[in-house]
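Just so you know, these numbers use all the heavy atoms, side chains as well, and skip hydrogens, waters and symmetry mates. Every chain is numbered from 1 and lettered A, B, ... according to where its sequence line falls, protein lines coming before strand lines.
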Amino acid sequence: MHRAAPPTSLPELEARAAAIIGLSLGQLAADLGAGVPTELRRAKGWIGQLVEAALGAEAGSKPTPDFEALGVELKTIPVAEDGRPHESTFVCTAPIEGAFEASWEESRVRRKLARVLWVPVWGRRGEDLATRVIGRPRLWVPDPQEEAALAQDWRDLSELIVGGELHRIHGRLGRVLQLRPKGANAGDFAWMMDEEGEWVRAVPYGFYLRARFTRAVIGRRRREGP
DNA sequence: GATTGATCATAC
DNA sequence: GTATGATCAATC
């Protein structure tokens with residue numbers, strides 16, 4: 001797949017993102033010389049990777065922002081016709097004992113979400129990938145209220161991990177941020193410390209943004225379609 | 001229909 | 001295995 005060179009400025013990135021509004025994923029893939037998977041079930045990250053290539057995000061698996069020089073993270077988000085997100089948004093894996101983060105300010109969640117370029121993609125579940133359409137991008141910097149909500153959830157949830165209260169962790173906790181499994185499958189595990197300080201096998205967790213939070217974020221001052 | 005727990009692909 | 005990119009599918 002052809003990959004654009006990284007944008008050198010924020011206006012350049014925003015111009016590129018604006019230039020692909022209204023394109024179908026089929027058109028975008030063709031422009032980049034890429035094929036279109038027949039089912040997303042076997043290619044869950046494909047849309048994100050396609051938009052990365054189109055906008056010139058760095059490839060690879062580095063724990064750095066997609067647009068490193070600009071400090072911008074790219075997130076595609078599947079949305080319905082009314083602009084509401086269909087899904088939660090993965091942020092990062094949760095820290096395990098031995099690599100926990102002492103403060104919200106130093107957390108990966110905060111760094112990841114410092115500046116996010118949201119690219120909505122219209123489509124219905126099960127819809128042919130090629131016919132889904134790129135929506136209007138939004139550059140998001142959390143406002144003080146949003147950051148406060150994120151920080152509180154992060155602290156509450158991190159406390160459970162650091163305190164080893166693993167049995168209390170489930171997806172219903174958190175107003176805007178939640179902890180959910182993030183692994184290859186149910187057999188996947190991580191070594192974590194329980195309340196007694198014993199190392200135990202536990203499912204690896206990840207932080208996710210709730211869909212209703214993302215909806216509020218990308219819906220700020222929305223006057224037109226996504 | 002929304003949500004939670006489970007799952008899929010790829011790079012290094 | 002850990003990071004990246006997320007959505008699936010059973011259940012509420």
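- Computed from coordinates, the Leu50(A) CG to dA9(B) P distance equals 18 Å when rounded to whole Å.
- For the pair Phe189(A) and Arg132(A), both in contact range of DNA chain C, the more 5′-proximal nearest nucleotide belongs to Phe189(A).
- Between the NE2 atom of His86(A) and the C1' atom of dT7(C) there is a distance of 11 Å, rounded to whole Å.
- As judged by a 4.0 angstrom heavy-atom cut-off over every strand, Lys182(A) is placed among the base-contacting residues.
- The backbone N or O of Ser103(A) lies less than 3.5 Å from no partner atom in the side chain of Glu106(A), so there is not a single donor-acceptor pair.
- Sequence order on DNA chain B of the closest nucleotides to Gly187(A) and Ala211(A) puts Ala211(A) first from the 5' end.
- Distance CZ (Arg3(A)) to P (dG5(C)): 11 Å, rounded to an integer number of Å.
- Note on Thr93(A): only backbone sugar-phosphate atoms sit closer than 4.0 angstrom, heavy atoms only; bases stay farther off.
- At a threshold of 4.0 angstrom between heavy atoms, the contacts of Tyr205(A) with the nucleic acid are absent.
- Of the residues in residues 35-43 of chain A, Arg41(A), Arg42(A) come within less than 4.0 Å of DNA chain B through at least one heavy atom, sorted by number.
- Proximity of Gln49(A) to the phosphate of dT10(B): no side-chain N or O atom is located under 4.0 Å from OP1 or OP2.
- Distance Tyr208(A) OH to dT7(C) P: 11 Å, rounded to the nearest Å.
- Arg16(A) is linked by a salt bridge (charged side-chain N to carboxylate O under 4.0 Å, His left out) to Glu12(A), counting only residues two or more places apart in sequence or in another chain.
- When the shell of 6.0 Å around CD of Glu195(A) is examined, it contains more than 12 heavy atoms from other residues, nucleotides or ligands.
- Rounding to whole angstrom units, CG of residue Leu177(A) and P of dT3(B) are separated by 15 Å.
- Residue contacts shown for Pro181(A) include a base, since a base heavy atom lies under 4.0 Å away.
- At a threshold of 4.5 Å between side-chain heavy atoms, the hydrophobic network of Ile, Leu, Val, Met, Phe, Trp and Tyr places Leu150(A) and Phe90(A) in two separate groups.
- Computed from coordinates, the Lys44(A) NZ to dA6(C) C1' distance equals 8 Å when rounded to whole Å.
- Residue contacts for Ala184(A): at a heavy-atom cut-off of 4.0 Å it reaches a base atom on one of the strands shown.
- Note on Glu58(A): nothing from the nucleic acid sits closer than 4.0 angstrom, heavy atoms only.
- As a whole-Å value, the separation of Arg172(A) CZ from dG5(B) C1' is 10 Å.
- Nucleic acid contact class of Gly45(A) (heavy atoms, under 4.0 Å, all strands): base.
- Residue Thr76(A) places at least one side-chain N or O closer than 4.0 Å to OP1 or OP2 of dA6(C).
- Distance CE (Met1(A)) to C1' (dT4(C)): 13 Å, rounded to an integer number of Å.
- At a threshold of 4.0 angstrom between heavy atoms, the contacts of Asp188(A) with the nucleic acid are absent.
- Using a cutoff of 4.0 Å between basic side-chain nitrogens and carboxylate oxygens, Arg110(A) and Glu147(A) are scored as salt-bridged.
- Taking side-chain N and O atoms only, Arg125(A) has no distance below 4.0 Å to OP1 or OP2 of dG1(B).
- Without hydrogens or angle criteria, Arg210(A) side chain to Gly174(A) main chain gives a donor-acceptor distance under 3.5 Å.
- Across all strands, Arg210(A) comes closer than 4.0 Å only to sugar-phosphate atoms, never to a base (heavy-atom distances).
- Within a 6.0 Å sphere centred on CD of Glu39(A), heavy atoms belonging to other residues, nucleotides or ligands number more than 12.
- Distances shown here put a side-chain N or O of Lys112(A) below 4.0 Å from the OP1 or OP2 atom of dG5(C).
- Not a single donor-acceptor contact under 3.5 angstrom links the side-chain atoms of Lys62(A) to the base of dT4(C).
- Under a 4.0 Å N-O distance rule, the pair Arg125(A)/Glu87(A) qualifies as a salt bridge.
- Without hydrogens or angle criteria, Arg155(A) side chain to Trp104(A) main chain gives no donor-acceptor distance under 3.5 Å.
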